Amino acid sequence: MRKTYRFTCIVCPLGCSIEVEVEDGKVLEVRGHTCPRGKEWAIQEVTSPKRVVMTVLPVENGALPTVSVKTAEPVPKEKIPELMRFLASLKLKAPIKIGDVVTEWKGVKIVVTRGA
Amino acid sequence: MMGFPNVPTLSYDVVVIGGGPAGMAAAIKAKELGLKVLLLDENDYLGGILPQCIHPGFGIHYFGEELTGPEFASRLAKKLVELGVEYRTSARILEIRNYSDLEKFVLFTSPSGLYGVWARAVIYAAGARERHAFEIGIVGDRVSGIYTAGEAQTLMDIYGVLPGKEIVIVGSGDVGLIMARRFALEGAKVKAVIELMHYPGGLARNVMILRDFGIPLYLGHKVVEVRGKGRVKKVKVVRIDENLRETGEEFWIEADTLVISVGLVPAVKKLKKIGVEIDPATGGPVVNDRLETSVPGVFVAGNSLLINDLVDYVAEQGEMAAEGAKEFIENGGIESRRWTRVEKGENIRLVVPHYLSGERDVYLYLRVSKPMEDVELRIPEIGKRLKLPVVKPAEMIRLKLKEEEIRGAGKLTVEVVRP
Ligand SMILES: Cc1cc2nc3c(=O)[nH]c(=O)nc-3n(C[C@H](O)[C@H](O)[C@H](O)COP(=O)(O)OP(=O)(O)OC[C@H]3O[C@@H](n4cnc5c(N)ncnc54)[C@H](O)[C@@H]3O)c2cc1C
Ligand code: SF4
């Protein structure tokens, strides 16, 4: 089945309108980009989109009730609900510093972005 | 000169009001320039709104890498501490007094009581305030479950409490979209994002969030009414025509929470009290290219100057204000042989600064009124032309002008037109 995806490139502020033509999971054509970075991003976006995930985790005895964390690298979009369920099971104890790795999930480091 | 009786007073070259990115960058720069500086913030931590903005997207220009809000804030805070900048948190400014050009008095409360600070210059970086539901004409039952985006964000990303299970968001600006993602990630159902205008208010990278989570975006719609007993139960949405008039077409969405994200307004009440002139287009002060307001020696930066979508420019403005304060204190004022007025031409909603000295390079920050494609940004008086593939009200444009280009110009009209 042939499908056309349309979106605004977010790699840089130019925000080109990109169209990607896909048939049976294979990219046939990319249109509208004005640089190779945009093309690469658009192809990834339709084949295996990835996102950085951020959340807060409860922390005992901290200055604030939570610390914030992010994945050290973007994770496949379809894996996000599973990752969130895993993160929801975590409870931490202060002191925790910014930059600490609190745990790993399938090889992806979970990094503290706000300590407590 | 009189202070306040029975109030302990301190004395500095410059007082910075607000410890967000604008204030921290200003205080760091002021210290580096050799000024005796004090930074004050009412929160019990530094960083302003950044510690609650836990998503990545900060600092690509300023630090050359993409950070989350708390990470950006902690980098600045670390530098501030390393440089030995004096600061006080839990210090709420009550009033600014302008006795004379080089004599300002700032009154603040702190856990140890009321204090006054004498300073020769003030840098005002107190951020913005959020507009509330009643300011956009939403009527209905008095119920719980109505939050501004900032309130919901603090609740969720500082205190770890999800504000509701079924959420309607009003406003498709960056803040609304970013909150939509956070709610959805944490397992709430975001039932809709409702936007008055006929185009989304946020950056493209944030509009993409809605597609990621399958959240419906209603452009050209508005929420007019909230119903419920004790807690929000449903909200009424009406469709708007091209001229932003209600069409009579309406529907209800069931939800337990309404999050209002309809924009920020520079928090300038304390500046108005000392007679600072305000630009109705930005909601912030009228300034010259040192970011000095109409009251000599009072400088402004960040969201108190104009609403910024990028923290990088906020920090840059903080530094500019500090350089201004330095010049002001050294020369007893910001001088120019002749001020060049910057005027708004076609499709320009706002532009800052308002006056240029023509004696230094300057950044203009501007926003367009409506989205356009394949346009030119022009300043006819100096023959400046810049091709832009797309312009959107959501994306602030920053334009560098060199001293040679603007020296001697009578006025400058900025316009965005089709070539
Ligand atoms: C939800 C959200 C998401 C954002 N996402 C991004 C993004 O992805 N990338 C990006 O670059 N930018 C982003 N921004 C924009 C950026 O965060 C802001 O432009 C920036 O934080 C503004 O900084 P500021 O220092 O002007 O104000 P603020 O950060 O608001 O700081 C103002 C400070 O002044 C203090 N203050 C106010 N009044 C007083 C008083 N009377 N006495 C003492 N202290 C006072 C306050 O406590 C506060 O700490 C986002 C903003 C929001 C709201
Ligand atoms: S295609 Fe290239 S130029 Fe266009 S927005 Fe993407 S990265 Fe920028």
Side-chain angles (χ1 to χ4, degrees), chain A residues 5-18 32-35 38 41-42 45-46 49-60 62-75 77-78 80-81 83-85 87-88 90-92 97-99 111-116, chain B residues 44-45 47 50-58 60-61 66-75 77-78 153-162 178 181-182 184-187 200 202-209 211-213 309-310 371 373 387-392 394-398:
Chain A
Y5 292 86
R6 282 191 192 82
F7 35 66
T8 310
C9 180
I10 54 158
V11 178
C12 91
L14 281 185
C16 301
S17 300
I18 304 190
H33 58 288
T34 42
C35 82
W41 174 81
E45 211 25 53
V46 297
K50 292 183 170 174
R51 302 284 182 263
V52 169
V53 173
M54 71 305 280
T55 188
V56 292
L57 301 175
V59 56
E60 260 177 47
L64 294 173
T66 65
V67 297
S68 60
V69 296
K70 68 176 179 189
T71 54
E73 57 197 279
V75 300
K77 212 168 90 177
E78 76 277 2
I80 293 177
L83 168 62
M84 287 304 292
R85 280 194 298 278
L87 292 173
L90 299 176
K91 286 195 178 58
L92 307 173
K97 292 192 314 298
I98 185 167
V111 185
V112 174
T113 56
R114 184 186 68 222
Chain B
D44 52 14
Y45 49 83
L50 294 183
Q52 71 197 47
C53 299
I54 65 167
H55 58 282
F58 297 82
I60 298 159
H61 304 280
E66 193 174 29
L67 304 169
T68 62
E71 290 170 311
F72 189 101
S74 103
R75 292 240 182 143
K78 191 161 167 252
Q153 196 181 37
T154 307
L155 207 57
M156 181 161 60
D157 287 339
I158 298 278
Y159 295 100
V161 179
L162 197 59
I178 281 164
R181 171 174 54 198
R182 287 290 302 125
L185 268 177
E186 297 302 330
L203 303 172
R205 68 174 189 214
N206 292 330
V207 177
M208 198 176 70
I209 290 169
R211 210 185 59 221
D212 275 7
F213 291 99
D309 24 78
L310 288 182
E373 285 180 17
K387 275 202 178 1
L388 297 171
V390 264
V391 293
K392 298 175 193 162
E395 300 189 11
M396 194 163 83
I397 300 169
R398 169 167 160 280

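Fair warning: this is a prediction, and the values are worked out from it, not measured in the lab.
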Point to revise | Criterion side chain to side chain contact (heavy atoms under 4.5 Å, CB included) on A:I10 and B:M208, from CA distance to verdict | key: CA-CA 9 Å; A:I10 54 158; B:M208 198 176 70; 3.6 Å; yes
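- Considering all non-hydrogen atoms of both residues, A:S68 and B:I54 come closest at CB-CG2, 3.4 Å.
- Nearest heavy atom pair, residue A:M54 against residue B:R182, reads O-NH1, 3.0 Å.
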Point to revise | Test log, rule side chain to side chain contact (heavy atoms under 4.5 Å, CB included), inputs B:H55 and A:K70 | key: CA-CA 8 Å; B:H55 58 282; A:K70 68 176 179 189; over 6 Å; no
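- Your options are A:T113, A:T8, A:L83, A:V53, and the one with the most heavy-atom pairs under 4.5 Å with chain B is A:T113.
- Contact of B:N206 with chain A is not made at all, since no heavy-atom distance falls under 4.5 Å.
- Contacts of A:R51 with chain B are made by side-chain atoms alone, with heavy-atom separations under 4.5 Å and no backbone atom involved.
- Shown here for B:P51 and A:R114, the closest heavy-atom pair between the two residues is O-NH1, 2.6 Å.
- The residue among A:I80, A:I98, A:L64, A:L57 with the most heavy atom pairs within less than 4.5 Å of chain B is A:I98.
- Contact between B:G160 and A:V56 at its shortest, heavy atoms only, is CA-CG2, 4.2 Å.
- The two residues B:D157 and A:T66 make their nearest non-hydrogen contact at O-OG1, 3.7 Å.
- Your options are B:I158, B:T68, B:L185, and the one with the most heavy-atom pairs under 4.5 Å with chain A is B:I158.
- Using a 4.5 Å cut-off between heavy atoms, B:E373 does not touch chain A at all.
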